[in-house]
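Everything below concerns the one structure shown next.
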Amino acid sequence: MASRYISFHLHPHPHPHLSLYSALPQNPKLSRHAPTSLFSAVKTATIKTSHYHIYQSFPKRCATLTPMASSGQSSVGAKFDEFEPDQTFTNDDLKPTTPSQRNFHWWEMASLWIGLVVGIPSYYMAGSLVDLGMAWWQGIATVVVANMILLVPLVLTGHPGTKYGISFPVLARSCFGIRGAHVPTLLRALVGCGWYGIESWIGGEAIFLLLPNSIKQSSFSQLLPWLGTSPLEFACFIAFWSVQLAVVWKGMEGIRDLEKYSAPILIILTSILLIWAYVKANGLGHMLSLSSRLSSPEFWSLFFPSLTANISFWATIALNIPDFTRFAKTQRDQIIGQAGLPIFMGAFTFVGLAVTSSTTVIFGQVISNPIQLLGRIGGFTTTILAILGISLATITTNIAANVVAPANALVNLSPSLFTFRRGALLTALLGIAFQPWRLLKSSESFVYTWLVGYSALLGPIGGIVLADYYLIHQTDLSIKDLYSSSPGGAYYYCGGFNLAAMAALVFGILPVIPGFLQKVGILSSVSDVFVVIYNNAWFFSFFSAGLSYWILASLRGKQNKSLSSDPLLPTKS
């Protein structure tokens, strides 16, 4: 179980439609307000005619780079029912949320983040850095700084979800193309499945450790080498894995209620644990005495990959946050609701570090795993509270963070085959295939192989999405074209794929691969340059992919302007 592998020592040790614009002249100011019905009708007819002639005259031309979105799309967007969406690109789970569905207030967004933060992996974050040589305050500061940085893309990516009521797979269509969107959403889903397995394994560990000793000492608890764990531990994992499906089956409304009502309970239980540790250890003196074991150069060589790892911790949610902000009432609600993330993460990692350091005084040894700690405290009341707290902490994190995105990605892949429930079930099954007990075999593999490794996949996607939405489309999307497979659609690009986004994605990922292969042992050594790139995978891939995409899209924008004067195109009247 994770308790056998994740531990740290608190004592010193060594070492637009296409931007060809319609035949009518566009007024940017008018496009932001509702036009008269006559002007709207004339403009719509003209745009359709323009698209027809453009694609008839240039049948072999592909809009391989991102065009500007059509102007005239209001902040709310055209009513979804006013046009007939392509049924291969929509179902009830993919449609924009209606005003009645947008009922998340800021405190419910904050409750979502409290439910996400309070969990076993977050409990380990600062402690794993102390284990690697940082002082207690350096570990916590690293976590807080990472989440302050991540808050920026979180809020920026959440904006289109609230503005248009669209989920991440639909948003991805605007920059990757209506078919190319499958690439980023499935990459995000892959990471979500891995995390679902990790969280479920931790929940199963709680069941195992709180079982009577007579059961834990039976022959069923013996390790099977081919499985990598014992049959009893695996059975506990499957039991917890199954329980979570009951909540998922209720959909987003069930997830919302779970997060909202669990948040205060988790805060109370966390406070009780901290107070217990403070009283039993006669204060937090032992934690405060933990100094750094690193020289200045050693600290900075550890800080940046640790910063990347902590950013990667929530980089998954930073991508698919529109899946939640699409239900927010206003932009103010989604921004304020998310602003508390650095505080929540800093506070909870402080609790994890304070309680763990106190175990040295209370029990004479370091107990880094909270499940083991609760089992060591013992008592019927403690056991009940432990089961309640750990189950809530794990389920609230796992379902919101690791089920919603993969399920929506699968729905986007085949709306006729998958519903949210079916997508969630497949996500859970893939979580088993990841064998999370192997991922958690050590703090180093958890932080530097898993967390840093997948940041190379998510960083470039985030950079491309933000560059496209803010720099290219300037927050102006065509809802109709997000659900259209017409070659005249703004996001059809080249056969449904935006080749510029694909090229930028590859450009962001490739330089990280040598460092990753060296980290997992496939390559014996690589250049120091690739090591530095890998240790800063999220930063490098995010900015390199975003910048390269912006350059390619800008070049295409200039080409579109030259095409607009082509004599074969309809002339402006």
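The model shown is predicted, which means the values in this text are computed figures rather than measured ones.
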Exercise. Flag the pair N412 / H182 as yes when at least one side-chain heavy-atom distance between them is below 4.5 Å, and no otherwise.
Key: yes
Quiz item: Looking at F434 and C193, what are the two nearest heavy atoms and their distance?
Solution: CE1-CB, 3.9 Å
Quiz item: Just wondering, are more than 12 heavy atoms of other shown residues or ligands nearer than 6.0 Å to CH2 in W106?
Solution: no
Practice problem: Can you see which heavy atom on L116 is nearest to which on E259, and at what distance? | Solution: N-OE1, 4.2 Å
Quiz item: So, F234 versus W437, ring centres under 6.0 angstrom or not?
Solution: yes
Quiz item: Is the shortest heavy-atom distance from the side chain of S416 to the side chain of N91 under 4.5 Å?
Solution: no
Could you pull out every donor-acceptor pair under 3.5 Å between side chains of residues 149-157 and any protein atom, sequence neighbours left out?
residue : atom : partner : partner atom : Å
T157    : OG1  : P153    : O            : 2.6

Practice problem: Answer yes or no: are there more than 12 heavy-atom neighbours, outside F363 itself, under 6.0 Å from its atom CZ? | Solution: yes
Quiz item: Distance-only, no hydrogens or angles: does the W241 side chain make a donor-acceptor pair with backbone N or O of A428 under 3.5 Å?
Solution: yes
Quiz item: Ring centroid separation for W195 and F313, is it under 6.0 angstrom?
Solution: yes
Quiz item: Within a strict 4.5 Å, meaning less than it, do heavy atoms of the P436 and F237 side chains meet?
Solution: yes
Self-check item: Residue pair I461 / F542, side-chain heavy-atom distance below 4.5 Å
Solution: no
Quiz prompt | For I215, all residues meeting side-chain contact (heavy atoms from CB on, under 4.5 Å), sequence neighbours excluded | solution = L211, P212, L232
Exercise. Quick one: closest heavy-atom pair of L458 and T316, and the distance?
Key: CD1-CG2, 3.4 Å
Quiz item: Within a reach of under 6.0 Å around CD1 of I343, are more than 12 heavy atoms found that belong to other residues, nucleotides or ligands?
Solution: no
Quiz item: Are Y123 and V118 side-chain neighbours, meaning at least one heavy-atom pair lies under 4.5 Å?
Solution: no
Quiz item: Quick one: are M148 and L341 in side-chain contact, heavy atoms under 4.5 Å?
Solution: no
Quiz item: Do S230 and E233 have side-chain N/O donor and acceptor atoms under 3.5 Å apart?
Solution: yes
Exercise. Would you check if there is a donor-acceptor pair between the side chains of S200 and Q244 at a distance under 3.5 Å?
Key: yes
Quiz item: Backbone N or O of T356 within a donor-acceptor pair of the T359 side chain at under 3.5 Å?
Solution: yes
Quiz item: How far apart are the closest heavy atoms of M109 and Q334, and which atoms are they?
Solution: CG-CA, 4.4 Å
Practice problem: Please step through side-chain contact (heavy atoms from CB on, under 4.5 Å) for the pair H286 and S358, ending with a clear verdict. | Solution: CA-CA 7 Å; H286 185 72; S358 299; over 6 Å; no
Exercise. On the 0 to 90° scale, with breaks at 30° and 60°, tag the W300-F303 ring pair as parallel, tilted or perpendicular.
Key: perpendicular
Self-check item: Verdict with supporting geometry, E199 and N402, side-chain hydrogen bond (donor to acceptor under 3.5 Å, both in side chains)
Solution: CA-CA 9 Å; E199 293 278 3; N402 307 316; 4.8 Å; no
Quiz item: For atom CZ of F530, is the number of surrounding heavy atoms from other residues, nucleotides or ligands below 6.0 Å larger than 12?
Solution: no
Quiz item: Of the options F324, F344, W314, which is the one that meets W113 in a ring pair (Phe, Tyr, Trp, His ring centres under 6.0 Å)?
Solution: W314
Ignoring hydrogens and angles, write down the donor-acceptor pairs under 3.5 Å from the side chains of residues 136-146, residues two or more places apart or on other chains.
residue : atom : partner : partner atom : Å
Q138    : OE1  : A135    : N            : 2.8
T142    : OG1  : Q138    : O            : 2.7

Quiz prompt | Residue pair T325 / F168, side-chain heavy-atom distance below 4.5 Å | solution = no
Exercise. Can you label the angle between the F516 ring and the Y534 ring as parallel, tilted or perpendicular, going by 30° and 60°?
Key: tilted
Self-check item: Heavy-atom closest pair, residues T185 and A409
Solution: O-CB, 3.4 Å
Exercise. Please tell me if the side chains of N398 and V403 come closer than 4.5 Å, counting only heavy atoms from C-beta onward.
Key: no
Exercise. Calculate, to the nearest 0.5 Å, the distance between atoms CD1 and CD1 belonging to I268 and I272 respectively.
Key: 7.0 Å
Quiz item: Closest approach of R293 and L132, non-hydrogen atoms and distance?
Solution: NH2-C, 4.0 Å
